[in-house]
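Quantities reported herein were computed from a predicted structural model and do not represent experimental measurements.
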Amino acid sequence: IGVVVPDDAARITLIRAESLPKVAEEQETFVRWKLKKTVPFDVDTAQLAFQVVASDPGGVDLLVALAPRAEIEKYEGIMDGLDLHAGFVVPSTLAALNLIAAPAQDTLFVKTAPDCVTTTIFKDGRVRFYRRVAEAGLYESVYPTVLYYQDKLEGAALKQMVVCCHDSESRAAMSVLQEQLGVPAIGMEPRTVE
């Protein structure tokens with residue numbers, strides 16, 4: 001069974017490397033080494049998954065999910081208690097992102113949850129930025145991502161905002177955010193998922 005866990009159960013990040021070793025085991029060692037000083041738990045024993053999201057002459061971009069092994073074992077234990085095997089454990093934002101094709105145009109993906117807001121920027125058809133903010137308002141959580149897109153990613157203009165909301169209150173706040181940012185919003189619902 002696939003198990004979707006809260007985003008705070010894992011650390012999700014993008015890293016850039018000049019090159020990536022060819023052997024899978026060496027790639028994993030490299031990614032763990034790269035994250036060792038930025039993660040507040042033991043990287044060597046953590047559950048790790050990563051994917052190359054872009055490659056160019058200047059280097060390789062990786063999308064990485066890393067979680068304390070004990071945290072993942074809690075969820076696997078729940079499934080074991082139900083006589084199910086947790087064959088795929090994924091943070092909720094990555095699960096939602098797996099449901100959409102990478103947009104060709106610059107897009108802001110916003111996912112709300114009761115305790116946090118995550119934002120992901122797609123630029124040039126690939127994931128370029130991910131951010132999770134807890135205990136802040138919707139605008140306060142999203143606007144810094146828009147500024148990062150403009151300043152650091154040198155984005156010209158976001159063409160759309162894909163929104164995955166957990167309740168009607170969040171959907172109402174999202175329409176206000178759409179007006180504030182001037183970016184058209186598309187709701188992510190079962191009927192809009194390819």
Side-chain angles (χ1 to χ4, degrees), residues 7-8 10-21 27 30-40 48-66 90-113 116-165 170-171 173-188 192-194:
D7 286 318
D8 66 355
R11 174 67 59 98
I12 300 168
T13 188
L14 286 157
I15 60 174
R16 178 128 177 110
E18 289 180 16
S19 64
L20 196 60
Q27 290 176 353
F30 172 77
V31 170
R32 287 181 191 279
W33 172 79
K34 194 92 164 134
L35 294 174
K36 197 169 264 277
K37 294 189 180 191
T38 63
V39 177
L48 171 71
F50 60 92
Q51 175 181 335
V52 174
V53 291
S55 181
D56 56 47
V60 178
D61 292 329
L62 302 167
L63 178 62
V64 181
L66 187 73
V90 62
S92 63
T93 294
L94 295 181
L97 288 172
N98 279 330
L99 297 175
I100 62 171
Q105 54 192 354
D106 291 2
T107 299
L108 170 63
F109 180 84
V110 179
K111 187 186 140 309
T112 67
C116 71
V117 174
T118 61
T119 54
T120 306
I121 293 285
F122 286 90
K123 186 172 185 293
D124 302 324
R126 61 188 171 127
V127 174
R128 296 292 307 272
F129 182 74
Y130 167 87
R131 182 171 186 254
R132 178 184 173 276
V133 178
E135 301 177 15
L138 186 60
Y139 183 78
E140 293 78 11
S141 299
V142 174
Y143 190 63
T145 298
V146 174
L147 291 178
Y148 184 89
Y149 163 77
Q150 294 168 342
D151 295 341
K152 301 292 185 188
L153 298 178
E154 299 175 351
L158 289 164
K159 302 297 182 196
Q160 65 181 353
M161 181 170 40
V162 177
V163 180
C164 181
C165 292
S170 295
R171 283 188 284 279
M174 196 55 68
S175 66
V176 172
L177 182 66
Q178 176 178 313
E179 290 176 25
Q180 291 172 322
L181 297 178
V183 178
I186 300 166
M188 185 177 180
T192 62
V193 174
E194 297 173 2

Does R128 pair with D106 as a salt bridge, N-O distance under 4.0 Å?
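No, R128 and D106 are not salt-bridged.
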
Donor-acceptor contact present, side-chain R11 to main-chain T38, <3.5 Å
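The answer is yes, because a donor-acceptor pair under 3.5 Å joins these two groups.
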
D61 side-chain N/O to A54 backbone N/O, donor-acceptor pair under 3.5 Å
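No; zero donor-acceptor contacts below 3.5 Å.
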
The test is side-chain contact (heavy atoms from CB on, under 4.5 Å); show your working for F50 and L66 and say whether it passes.
CA-CA 8 Å; F50 60 92; L66 187 73; over 6 Å; no

Distance, nearest 0.5 Å, that separates [atom1] of [X] from [atom2] of [Y]:
X: L177; Y: T112; atom1: CG; atom2: OG1; answer: 11.0 Å
X: T120; Y: I12; atom1: OG1; atom2: CD1; answer: 8.0 Å
X: L138; Y: C165; atom1: CG; atom2: SG; answer: 7.5 Å
X: L94; Y: Y130; atom1: CG; atom2: OH; answer: 7.0 Å
X: L158; Y: L181; atom1: CG; atom2: CG; answer: 8.0 Å
X: T119; Y: R132; atom1: OG1; atom2: CZ; answer: 11.5 Å

Shortest non-hydrogen contact between [X] and [Y], atoms and distance:
X: K123; Y: G155; answer: CE-CA, 3.8 Å
X: A156; Y: Y149; answer: N-OH, 3.5 Å
X: S141; Y: R131; answer: O-NH1, 2.9 Å
X: F122; Y: V127; answer: CE2-CG2, 3.5 Å
X: P21; Y: Q27; answer: O-NE2, 2.7 Å
X: M161; Y: M174; answer: SD-SD, 4.1 Å

Run the side-chain contact (heavy atoms from CB on, under 4.5 Å) check on V31 and K34 step by step: do they pass?
CA-CA 5 Å; V31 170; K34 194 92 164 134; 5.5 Å; no

Any side-chain heavy-atom pair from V163 and Q178 closer than 4.5 angstrom?
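Sidechains of Q178 and V163: no contact.
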
Show your reasoning for whether side-chain contact (heavy atoms from CB on, under 4.5 Å) applies to V133 and V142.
CA-CA 9 Å; V133 178; V142 174; over 6 Å; no

Could you check whether the rings of Y143 and Y139 sit parallel, tilted or perpendicular, using 30° and 60° as the cut-offs?
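Y143 vs Y139 ring planes: parallel.
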
For I121 and L108: C-alpha separation, side-chain torsions, deciding distance, then whether side-chain contact (heavy atoms from CB on, under 4.5 Å) applies.
CA-CA 5 Å; I121 293 285; L108 170 63; 3.8 Å; yes

